[in-house]
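A quick write-up on the structure given underneath.
Just so we're clear, the structure is a prediction, and the values are computed from it rather than from any experiment.
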Amino acid sequence: MTTKKIIPHLSFWQIWNMNVGFFGIQYSFGLQQTAVNPIYTFLGAHAEQLPILNLAGPITGLLIQPLIGAISDKTWSPKWGRRKPFFLLGAIFCSIALFLFPFSSAIWMAVGLLWILDAANNTAMEPYRAFIADKLPHEQQTFGFQMQSLFVGAGITLANLSLFIFQKYLGGNASGGGIPVWVYYSFFLGSFCSIASVVWSVYKTPEIPPSDEELEELRKSKEESHFFTPFIEIFSAIRDMPKLLWQLALVYMFQWYALFCYWQFITPMLKWSLYGISENDEQKAGKIIALAKSGVSVAEKDMSWAKNVLHMVEVAVGQTGLMNGSYNIITMISALLLVPFAKKFTSKNTYIFCLCITGLGIMTLPFIKNEYLILLPMVALGIGWASMMGLPYSMVSPSIPPKKRGIYMGVINMMIVIPMLLQTVSFGFIYKTFLDDNPSSVIILTGLLFLLAGACVMLMKPKARNK
């Protein structure tokens with residue numbers, strides 16, 4: 001006698017509860033977007049070093065997400081489930097790394113903690129994506145993935161606005177270090193959110209037990225598996241990957257290369273375009289402050305100039321937090337609103353439109369000299385970010401074999417991290433050689449890459465699903 005696996009429709013609040021954990025994961029991601037690179041500069045890093053210092057994200061994503069996805073496909077615990085153990089474990093280590101991060105006393109310490117943080121985030125991320133596909137019938141998956149986009153926006157919004165608010169009202173330097181004290185509070189808040197939100201989803205959302213046939217397959221695969229089995233399954237999945245996923249890989253090559261450029265260089269752009277602070281000014285000011293702290297006599301005029309420069313650098317970090325927080329507020333608002341548009345105009349056409357307005361909006365940023373008007377292009381970026389976090393997954397989900405959801409969600413993440421990896425190893429050279437160390441040129445290039453990504457979506461032919 002066998003039992004048939006039934007995937008029931010879920011209510012709005014059931015889908016809400018199952019996605020709450022994405023809030024904490026994305027708070028951490030928001031801090032990585034906005035705060036990690038400024039922390040590197042507070043600790044003495046140069047702008048051209050930022051891409052290579054961010055190598056942790058691409059490497060851990062490339063190795064961990066598909067591996068965890070493959071393992072979770074073959075996992076079942078009557079008590080803990082299939083996917084939940086992985087994003088709970090990831091949240092625990094993410095929380096620890098976030099708490100320790102602002103105590104970094106040197107670049108090497110910050111880099112090491114970023115590796116731990118990224119490994120933890122990647123342990124949680126793709127099992128969570130597979131969790132949504134496991135729990136929802138096809139006709140609810142677009143809504144489920146866009147609900148994830150809502151929590152992506154909420155988590156990153158709080159992370160970025162916390163930087164802006166804490167910088168504005170709790171400004172000041174941490175004693176004995178270069179990292180401002182207000183940065184500590186943002187990371188402490190993230191440490192709490194990371195674990196608390198995931199525990200909520202784990203507690204509130206049961207997983208669907210495997211059918212009798214699936215349990216038998218899991219038992220057999222466990223008996224036949226060995227150390228290399230997950231790696232073999234990953235390579236097999238890539239070999240047999242549906243054509244639609246290869247087309248998505250081309251889109252992601254431009255989209256995620258562009259996003260990494262934006263996150264790394266938006267603060268350097270703001271320092272110059274809004275506040276007139278060049279990297280040379282910042283480095284010179286840092287040396288003056290360091291000399292004064294070491295007991296060397298510094299002219300009062302030079303000291304005043306240096307303090308003002310470093311203050312404006314902190315203001316630029318806060319402005320970045322405000323801008324990134326703004327576009328993530330728009331993400332929260334637009335995430336679910338995109339669902340009816342996707343149903344009416346198709347997910348493909350909606351995605352193309354969102355990528356194109358994102359590219360055009362970003363290209364205007366270097367030319368806006370007002371700290372309030374510069375928030376307007378964030379509307380376009382927020383709509384684009386909402387589409388990026390949900391629509392590609394709903395487009396390809398019908399083409400993914402249900403038994404290999406974890407693996408293929410990990411493979412999709414490989415499509416994200418490979419462009420990031422290419423960016424980290426190539427862009428320092430590109431920045432110095434072709435862009436004349438000009439962060440404004442980077443942002444314009446970012447917009448062009450988004451337009452190319454939108455053009456590549458036109459090549460995709462997803463299966464028809466919702467009407």
For [X] versus [Y], what's the shortest heavy-atom pair and its separation?
{"X": "Gly361", "Y": "Thr364", "result": "O-OG1, 2.6 Å"}
{"X": "Ser387", "Y": "Pro392", "result": "O-CD, 3.0 Å"}
{"X": "Gln247", "Y": "Met460", "result": "OE1-CA, 3.3 Å"}
{"X": "Leu274", "Y": "Asn370", "result": "CD2-N, 3.8 Å"}
{"X": "Ser28", "Y": "Cys94", "result": "OG-SG, 3.4 Å"}
{"X": "Cys261", "Y": "Thr446", "result": "CB-OG1, 3.4 Å"}

Which is it for Phe254 and Phe450 under the ring pair (Phe, Tyr, Trp, His ring centres under 6.0 Å) test, yes or no, and what are the steps along the way? CA-CA 6 Å; Phe254 294 109; Phe450 272 115; over 10 Å; no
Looking at [Y], is its backbone amide N or carbonyl O close enough to the side chain of [X] to form a donor-acceptor pair, meaning the two atoms are under 3.5 Å apart?
{"X": "Lys348", "Y": "Met458", "answer": "yes"}
{"X": "Ser304", "Y": "Glu300", "answer": "no"}
{"X": "Ser197", "Y": "Phe23", "answer": "no"}
{"X": "Asn438", "Y": "Ser440", "answer": "yes"}
{"X": "Ser162", "Y": "Leu158", "answer": "yes"}
{"X": "Ser104", "Y": "Phe101", "answer": "yes"}
{"X": "Ser394", "Y": "Thr142", "answer": "no"}
{"X": "Tyr351", "Y": "Val457", "answer": "no"}
{"X": "Gln319", "Y": "Glu371", "answer": "yes"}
{"X": "Ser201", "Y": "Gly21", "answer": "yes"}

Is it the case that over 12 heavy atoms from other parts of the model lie below 6.0 angstrom from the [atom1] atom of [X]?
{"X": "Phe188", "atom1": "CZ", "answer": "yes"}
{"X": "Phe12", "atom1": "CZ", "answer": "yes"}
{"X": "Lys301", "atom1": "NZ", "answer": "no"}
{"X": "Trp272", "atom1": "CH2", "answer": "no"}

Just checking, is any N or O donor in the side chain of [X] or [Y] under 3.5 Å from an acceptor N or O on the other one?
{"X": "Gln264", "Y": "Gln423", "value": "yes"}
{"X": "Thr157", "Y": "Tyr327", "value": "no"}
{"X": "Asn17", "Y": "Trp200", "value": "yes"}
{"X": "Gln32", "Y": "Asn54", "value": "no"}
{"X": "Tyr257", "Y": "Ser426", "value": "yes"}
{"X": "Asp281", "Y": "Tyr275", "value": "no"}

Do [X] and [Y] have side-chain heavy atoms sitting under 4.5 Å apart?
{"X": "Phe260", "Y": "Pro419", "answer": "no"}
{"X": "Phe367", "Y": "Ile444", "answer": "yes"}
{"X": "Ile407", "Y": "Val411", "answer": "yes"}
{"X": "Phe145", "Y": "Leu391", "answer": "no"}
{"X": "Tyr431", "Y": "Pro439", "answer": "yes"}
{"X": "Thr358", "Y": "Trp385", "answer": "no"}
{"X": "Met109", "Y": "Leu100", "answer": "no"}
{"X": "Tyr262", "Y": "Leu381", "answer": "yes"}

Tell me, please, which residues at least two apart from Thr320 pass side chain to side chain donor-acceptor pair (under 3.5 Å). Thr267
Of all residues at least two apart in sequence or in a different chain, which pass the side chain to side chain donor-acceptor pair (under 3.5 Å) check with Ser191? Ser95
Let's go through Ile412 and Leu245 carefully: what are the C-alpha distance in whole Å and the side-chain angles of both, what is the deciding distance for side-chain contact (heavy atoms from CB on, under 4.5 Å) to 0.1 Å, and is it a yes or a no? CA-CA 8 Å; Ile412 290 173; Leu245 270 70; 4.2 Å; yes
State the [atom1]-[atom2] distance between [X] and [Y], to the nearest 0.5 angstrom.
{"X": "Ser441", "Y": "Ile430", "atom1": "OG", "atom2": "CD1", "result": "12.5 Å"}
{"X": "Met332", "Y": "Asn328", "atom1": "CE", "atom2": "CG", "result": "9.0 Å"}
{"X": "Ile416", "Y": "Met420", "atom1": "CD1", "atom2": "CE", "result": "6.5 Å"}
{"X": "Ile383", "Y": "Met388", "atom1": "CD1", "atom2": "CE", "result": "11.0 Å"}
{"X": "Lys135", "Y": "Gln141", "atom1": "NZ", "atom2": "CD", "result": "13.0 Å"}
{"X": "Ile329", "Y": "Ile333", "atom1": "CD1", "atom2": "CD1", "result": "7.0 Å"}

Run the side-chain contact (heavy atoms from CB on, under 4.5 Å) test on Tyr40 and Gln49 for me, step by step, so that the C-alpha distance in whole Å, both residues' side-chain angles and the decisive distance to 0.1 Å come before the verdict. CA-CA 9 Å; Tyr40 284 151; Gln49 296 174 304; over 6 Å; no
Pairing of Lys84 and Glu207 as salt bridge, 4.0 angstrom limit: no
Go through Leu355 and Leu451 one step at a time and tell me if the side-chain contact (heavy atoms from CB on, under 4.5 Å) criterion holds. CA-CA 7 Å; Leu355 287 176; Leu451 294 178; over 6 Å; no
Cation-aromatic face contact Lys284/Trp305, 6.0 Å, 45 degrees: yes
Look at the rings of Phe103 and Tyr184 and say which category their plane angle falls in: under 30° parallel, 30 to 60° tilted, over 60° perpendicular. perpendicular
By the side-chain hydrogen bond (donor to acceptor under 3.5 Å, both in side chains) test, which pairs, at least two apart or in different chains, include something from residues 409-418? Gln65-Asn413
Apply side-chain contact (heavy atoms from CB on, under 4.5 Å) to Asp118 and Phe29, showing your working. CA-CA 9 Å; Asp118 266 315; Phe29 191 48; 5.9 Å; no
Tell me if the centroids of the rings in Phe187 and Phe99 come within less than 6.0 Å of each other. no
